[in-house]
Every structure is written in C-alpha cells, then in structure tokens.
There are 2 protein chains.
Amino acid sequence: MSTAEETRGGDTEPWSEVTPDAARKLLVAAVEAFAERGYHATTTRDIAGRAGMSPAALYIHYKTKEELLHRISRIGHDRALDILRTAARGEGSATERLADAVGSFVRWHAGRRTTALVVQYELDALGPEARAEIVALRRQCDAEVRGIIEDGIAAGEFEVLDVKGTTLAVLSLCIDVARWFNTAGPRTPDEVGALYADLVLRMVGAKDRGAGQR
Amino acid sequence: MSTAEETRGGDTEPWSEVTPDAARKLLVAAVEAFAERGYHATTTRDIAGRAGMSPAALYIHYKTKEELLHRISRIGHDRALDILRTAARGEGSATERLADAVGSFVRWHAGRRTTALVVQYELDALGPEARAEIVALRRQCDAEVRGIIEDGIAAGEFEVLDVKGTTLAVLSLCIDVARWFNTAGPRTPDEVGALYADLVLRMVGAKDRGAGQR
DNA sequence: GGGTGCGCTAAGCGGTCGCTCAGTTTCGGC
DNA sequence: GCCGAAACTGAGCGACCGCTTAGCGCACCC
C-alpha cells in the first residue's frame with residue numbers, strides 16, 4: 001500500500017481521521033508552519049498559502065487559528081498515549097515492556113519530528129480549557145510509564161529509589177528528542193530509539209539489559 | 001557539591017553585568033515576559049510596562065526586540081558554559097566531575113527556570129548570525145560533557161558504547177528540566193540536581209555511584 | 001544661571017495581524 | 001436546464017504590532 005509503513009511498525013499515514021481533504025491539507029500545512037516558526041510566529045496567511053488556498057478558506061473548516069493547534073495537539077497526544085499504552089500492556093517482562101515503550105515513543109518523536117515538536121512544545125499557546133484537556137492526556141502518559149517501572153520494581157527487575165522523579169526524567173528524555181533530532185543528521189529514528197531504550201534501562205537499574213545497544 | 005555556591009542559596013543576583021540600571025530592569029522584564037508567553041507572543045509594550053517605562057524607552061538601550069533576546073541568550077549561555085567548565089576542569093575522578101557537572105547544571109535550570117527557559121527554548125527566534133554565535137557556545141557545552149565521559153571511559157570508570165549519543169542524551173535530559181520544573185512544586189532544585197546526577201551516572205554505567213540518591 | 005546633553009515620554013506611522021463578508025464558482029438532485 | 005447548498009475567493013476591517021520622532025524635564029558645566 002502506498003500510504004502505509006512510513007515510520008515502521010505500521011504507522012498508517014497520519015491525519016487520516018481529518019476530513020474533508022481541504023481540512024486535512026490545511027492541518028498538515030499548519031503542522032509544518034508551527035514546527036518551523038512556532039505557533040505565534042505563524043500567520044494564517046502562511047498556513048493557507050502552504051495549502052494552496054486563500055486565507056479565508058481556513059475559517060470554513062476551523063473557527064480560529066487556535067482550534068487548528070488544538071486539533072493537532074489532541075490527535076498527537078492520542079497517538080503518543082496509544083504508543084505508550086500498547087507497549088505498557090503488551091506481553092513480556094517489565095524490562096522488555098519498558099524498552100519497547102521507550103523505543104517506539106522515541107521512534108515516533110524522531111520519525112515524525114515536525115508533528116512531535118508542535119505537540120510537545122506549543123502547549124502553552126492553547127487556552128485554559130484546551131490546555132487542561134491536553135494536560136490530562138499527559139498525565140495518562142506519565143501513569144503508563146510509571147506503571148511499567150513499578151512493575152519492574154515489584155518483580156525485582158529494577159532498582160529505583162525515586163519512582164515519580166525517574167518517571168518524569170524518562171519521559172522528559174524521550175520528549176526532548178523532538179527538539180534536537182535532525183532528519184538530515186547521521187542517526188535514524190531506529191538507532192536513537194535503540195540507544196534510548198538502553199539508556200533508560202540503565203536509569204532504572206535493570207538487572208538484565210539483554211544485548212544492550214544494538 | 002563543591003562548585004555550587006553560585007547556583008545554590010545565594011545566587012549572586014545575575015544580570016549585574018548589564019548597565020545602566022534602566023537597561024537591566026528592561027532586560028529582567030523581558031526575561032520574565034519571554035518565559036511566560038514566548039518571544040513572539042511578547043510585545044515591546046509588555047516588556048516596557050513590566051519595567052515601569054514607556055515603550056519608547058526600550059529603544060534607547062536596545063536597537064530591536066531581538067537584540068534583547070540576543071543579550072539574554074548570550075549571557076545565559078556564557079553562564080551555562082561556565083558552570084559546565086568549572087565542573088569539568090575541577091579535581092576528582094570523572095565520576096565525581098560528571099556528577100558535579102550534572103548536579104550544578106540541573107540546579108541552574110531549576111533554580112533559575114525563567115532564564116533557562118528563554119535561553120534554551122527561544123533560540124530559533126534569533127536571526128542567522130546571532131543564532132550561529134549561540135550554537136557555537138552550545139557546541140562547547142557539548143564538548144565539556146563529552147570530555148568528562150571520555151575521561152571516565154579511559155579510566156575504566158564508565159561503560160559507554162555510543163559516546164556522542166550518550167552525551168547528547170545527558171545534555172538533553174538536563175536542559176529539559178527548564179521545561180517541566182515547577183518552582184511551586186514539591187521538589188527543590190537541589191533534590192532534582194541530586195536525582196539527575198545519579199541517573200546520569202547510571203546512564204554512563206559508572207562503576208561507583210557512591211551513596212546514590214539521598 | 002543660561003546653555004547643553006541625555007534619559008525618557010506622548011503621540012503616532014506604516015505595516016501586518018486574525019478574522020469577516022459579499023459575491024463567485026462548483027455541483028448533486030430533480 | 002435550473003436551483004439551492006456548500007466551498008472558496010478578493011477585498012478589506014479594526015486592532016495591534018515594532019519602531020520612530022518631537023519635545024520635555026533635569027542634572028551638570030562654565
């Protein structure tokens with residue numbers, strides 16, 4: 001299929017839930033513009049121009065510029081939470097699940113960097129209600145990771161003194177990949193994912209890190 | 001824990017190198033505004049208002065709004081590099097120097113969060129020449145941390161397969177503290193610094209982490 | 001004590017912003 | 001072939017942006 005297998009692991013072409021086509025084109029244009037210049041520095045004329053439309057067309061599909069960001073952020077966080085949940089609730093030991101969660105989470109941040117940049121770093125541009133909704137999703141992401149770490153401690157696989165602090169650090173480490181990763185750089189998303197999975201297993205004091213960095 | 005007197009309790013009030021008083025007041029106001037709303041969402045009227053002056057007063061001391069950000073970013077990066085350099089070139093084993101570097105670097109990002117936020121996350125708002133100057137400072141920060149890690153590997157204290165990748169991850173982890181740290185939250189900068197120093201020693205496979213998290 | 005320079009303000013300029021609206025084009029149903 | 005709804009455009013509104021300018025007050029000098 002032409003639209004599949006973009007980021008490996010079968011991540012179907014994103015934004016497919018956004019219809020009609022014109023609304024999706026505008027949203028994709030907005031993601032690119034927000035990632036390049038930031039939300040506040042992006043003009044509605046720029047977004048419409050990238051989508052090949054007039055500025056007024058934007059307001060047929062979205063009430064405001066902020067609603068565009070909200071939709072992007074909501075869909076992105078849903079995807080991020082889905083990635084973590086799938087890994088957290090999979091089979092295998094806590095060690096395997098944590099490595100899987102970090103690996104796929106990092107692969108998403110690197111492979112879909114423009115989206116991740118907007119999703120993770122433009123949160124403050126949202127209004128209070130929209131931000132509260134997104135913050136709730138973030139807390140769920142945190143809970144999934146903390147759950148794996150607690151499982152590992154209970155099973156004697158990990159050695160962690162400050163569970164909340166370590167969870168925060170692990171998520172922070174993964175998220176910040178979107179800030180520095182360079183698509184034209186020397187590393188592939190797969191390589192960064194594997195490196196980070198190993199680093200995180202070290203952080204939690206995993207007794208068996210397997211092959212380590214592959 | 002030896003080089004910390006500056007970022008600890010009595011951080012000598014920063015920006016002391018900025019004169020005259022009015023210029024410093026404007027710069028401090030700009031730091032607060034940029035940290036709260038971001039560079040692009042901050043107006044010159046807002047900055048001047050926080051400093052208790054008229055908008056025109058800003059242009060007596062600074063050529064443009066961007067020059068304000070440039071000065072903030074330059075001073076902040078100088079300070080960050082100074083913190084890392086002091087720790088890297090101190091006495092003690094690589095393990096001790098890395099823990100010291102991470103601890104004081106994180107304490108600065110947490111304790112002076114508003115400054116660090118602007119310094120670390122508003123880089124893209126700078127023009128090409130100013131950004132290039134700052135990027136050069138960042139590379140020096142990277143080199144200092146990489147140097148400690150390489151020392152530790154050579155001394156047999158650390159076990160790292162991907163030195164460049166691990167260095168990047170360590171710095172990324174520390175920098176991102178500025179994004180999530182909450183001054184009103186439950187953790188003090190000292191506590192986060194100690195936690196992160198231990199996490200980083202784990203990441204590099206340090207054989208002797210000493211007392212670990214306390 | 002009248003000039004002089006400097007820090008600062010009040011007012012405002014040109015431009016661009018988010019967003020609106022009247023009007024044109026497109027198209028399925030009949 | 002005609003109609004009404006929906007998609008979209010060109011033109012532009014009011015607000016606010018970064019920044020400038022003319023002039024005011026005040027310490028300082030001979």
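Each chain gets a letter, A, B and so on, in the order the sequences are listed, and its residues count up from 1.
Summarising the geometry, the separation between CG on B:Leu68 and P on D:dG18 is reported as 11 Å, rounded to the nearest angstrom. The CD1-C1' distance, from B:Ile47 to D:dC17, rounds to 12 Å in whole Å. Atom CG in B:Leu58 sits roughly 15 Å away from atom P in C:dA10 (whole-Å rounding).
Residues that satisfy the side-chain contact (heavy atoms from CB on, under 4.5 Å) test with B:Arg131, not counting sequence neighbours, are B:Leu123, B:Asp124, B:Leu126, B:Val135. Looking at residues two or more places apart in sequence or on another chain, you find a side-chain contact (heavy atoms from CB on, under 4.5 Å) between A:Leu81 and A:Arg85, A:Leu137, A:Gln140, A:Cys141, A:Glu144. With sequence neighbours excluded, the residues satisfying side-chain contact (heavy atoms from CB on, under 4.5 Å) with B:Arg146 are B:Asp142, B:Ala143, B:Glu150, B:Val163, B:Lys164, B:Thr167.
Screening residues 46-59 of chain A for side chain to side chain donor-acceptor pair (under 3.5 Å) gives A:Glu36-A:Arg50, A:Arg37-A:Asp46, A:Asp46-A:Arg50 as the qualifying pairs, with residues at least two apart or on separate chains. Among residue pairs with one or both ends in residues 64-90 of chain A, none qualify as ring pair (Phe, Tyr, Trp, His ring centres under 6.0 Å); sequence neighbours excluded. For residues 24-56 of chain A, every residue pair satisfying the ring pair (Phe, Tyr, Trp, His ring centres under 6.0 Å) rule, not counting sequence neighbours, is listed here: A:Phe34-A:Tyr39. Counting only residues at least two apart or on different chains, the side chain to side chain donor-acceptor pair (under 3.5 Å) pairs with a member in residues 19-30 of chain A are A:Asp21-A:Arg24.
A salt bridge does not link B:Asp176 to A:Arg179: none of the charged side-chain nitrogens sits closer than 4.0 Å to a carboxylate oxygen.
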Return the polar atom pairs (N/O with N/O) between nucleotides 15-18 of chain C and the protein under 3.5 Å, or none.
from, atom 1, to, atom 2, distance (Å)
C:dG18, OP1, A:Thr42, O, 3.1
C:dG18, OP1, A:Lys65, NZ, 2.9
C:dG18, OP2, A:Thr44, N, 2.9
C:dG18, OP2, A:Thr44, OG1, 3.2
C:dG18, N7, A:Arg45, NH1, 2.9
C:dG18, O6, A:Arg45, NH2, 3.0

Protein-nucleotides 6-10 of chain D N/O pairs closer than 3.5 Å?
from, atom 1, to, atom 2, distance (Å)
D:dC8, OP2, A:His61, NE2, 2.8
D:dT9, OP2, A:Ser54, N, 2.9
D:dT9, OP2, A:Ser54, OG, 2.9

